[in-house]
*Asks:* 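One structure is given below, represented as structure tokens, and several questions about it will come after.
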Amino acid sequence: MKQLDLAETMKVEGKELAIACAHAADENKAENIRVLDVTGLSSLTDFIVICSGNSMPHLKALLRDTEAIVFEKHEVKPYSGEGRAETNWVVLDYFDVMVHIMSEDARGHYDLENLWGDAKEVAWSE
């Protein structure tokens, strides 16, 4: 196996990383993917990616595979993760991007899109 040269890796951050996370979730059939620019609105992060899974196995796959795909394509790992699929809400923290993977019930209950209603939506797909 070829060793990756640091110059060859495609480190991404900010908006580009948020879009990469949305694409990774989309590859795993995440539902209702939204990318919000919360720059200046949040002291925790600049971008939020919100997506839904339709079952416990789907939530687990989204968590595992979104992280793996982003690392494979961009050599970026989250600084931390919070929650477990069993809680219906998991967060991957990439510092300037937070990816929220939620069940539809949890998503409806916590309504992050309304909470961050002043955020600008980022177009991530064609």
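Bear in mind the structure is a predicted one, so any value in this text is a computation, not a measurement. Only heavy atoms go into these numbers, but all of them, side chains included; no hydrogens, no water, no symmetry mates.
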*Asks:* Can you say whether the rings of Tyr110 and Trp89 are parallel (under 30°), tilted (30 to 60°) or perpendicular (over 60°)?
*Replies:* tilted
*Asks:* Any ion pair linking Lys77 and Glu67 (charged N to carboxylate O, less than 4.0 Å)?
*Replies:* no
*Asks:* Before giving the answer on side-chain contact (heavy atoms from CB on, under 4.5 Å), spell out for Cys21 and Trp124 the whole-Å C-alpha distance, their side-chain angles and the decisive distance to 0.1 Å.
*Replies:* CA-CA 10 Å; Cys21 290; Trp124 63 271; over 6 Å; no
*Asks:* Once you round to the nearest 0.5 Å, how far does NE2 of His23 lie from CG of Asn28?
*Replies:* 13.5 Å
*Asks:* For residues Leu36 and Val122, determine if any side-chain heavy atom of one lies less than 4.5 Å from a side-chain heavy atom of the other.
*Replies:* no
*Asks:* Look up atom CZ in Phe47 and atom CD in Glu13, then write down how far apart they are to the nearest 0.5 Å.
*Replies:* 10.5 Å
*Asks:* Begin from the C-alpha positions of His74 and Leu17 and carry the test side-chain contact (heavy atoms from CB on, under 4.5 Å) through to its verdict.
*Replies:* CA-CA 9 Å; His74 302 285; Leu17 178 57; 5.6 Å; no
*Asks:* Between Leu92 and Pro78, which heavy-atom pair has the shortest distance, and what is it?
*Replies:* CD2-CG, 4.2 Å
*Asks:* With rounding to the nearest 0.5 angstrom, report the CG to CZ distance, Leu59 to Arg64.
*Replies:* 11.5 Å
*Asks:* Under a 4.5 Å cut-off applied to non-hydrogen side-chain atoms, are Glu121 and Val35 in contact?
*Replies:* no
*Asks:* Once you round to the nearest 0.5 Å, how far does CE of Met98 lie from OH of Tyr79?
*Replies:* 12.5 Å
*Asks:* Within the side chain of Thr45, is there an N or O that forms a donor-acceptor pair under 3.5 Å with the backbone of Val97?
*Replies:* yes
*Asks:* Let me check something: do Phe95 and Val38 share a hydrophobic cluster, defined by ILVMFWY side-chain heavy atoms less than 4.5 Å apart, either directly or through other members?
*Replies:* no
*Asks:* Is the closest basic N to carboxylate O distance between Lys73 and Glu27 below 4.0 Å?
*Replies:* yes
*Asks:* Give, for atom CG of Asn54 and atom CG of Asn32, the distance between the pair rounded to the nearest 0.5 Å.
*Replies:* 12.5 Å
*Asks:* Honestly curious: do Ile69 and Ile19 fall in one hydrophobic cluster under the side-chain, below-4.5 Å linking rule?
*Replies:* no
*Asks:* Using the rule given for side-chain contact (heavy atoms from CB on, under 4.5 Å), can you reason through Tyr94 versus Val70, listing the C-alpha separation, both sets of side-chain angles and the distance that settles it, and then say yes or no?
*Replies:* CA-CA 11 Å; Tyr94 289 92; Val70 171; 3.9 Å; yes
*Asks:* Output, in order, the C-alpha distance, side-chain angles, deciding distance and verdict of side-chain contact (heavy atoms from CB on, under 4.5 Å) for Ile50 and Glu113.
*Replies:* CA-CA 8 Å; Ile50 306 167; Glu113 288 95 339; 4.0 Å; yes
*Asks:* Within the side chain of His100, is there an N or O that forms a donor-acceptor pair under 3.5 Å with the backbone of Ser52?
*Replies:* no
*Asks:* Short question: side chain of Thr66, backbone of Leu62 - any donor-acceptor pair under 3.5 Å?
*Replies:* yes
*Asks:* Might you point out which heavy atoms bring Glu31 and Glu104 nearest each other, and give the distance in Å?
*Replies:* OE1-OE2, 4.0 Å
*Asks:* In Å and rounded to the nearest 0.5 Å, what is the CG to CG distance from Asp37 to Asp118?
*Replies:* 12.0 Å
*Asks:* Please tell me whether Met102 and Leu115 are part of a single hydrophobic cluster in this structure, the criterion being side-chain heavy atoms less than 4.5 Å apart.
*Replies:* yes
*Asks:* Got Val99 and Ile101 here, is their nearest side-chain heavy-atom distance under 4.5 Å?
*Replies:* yes
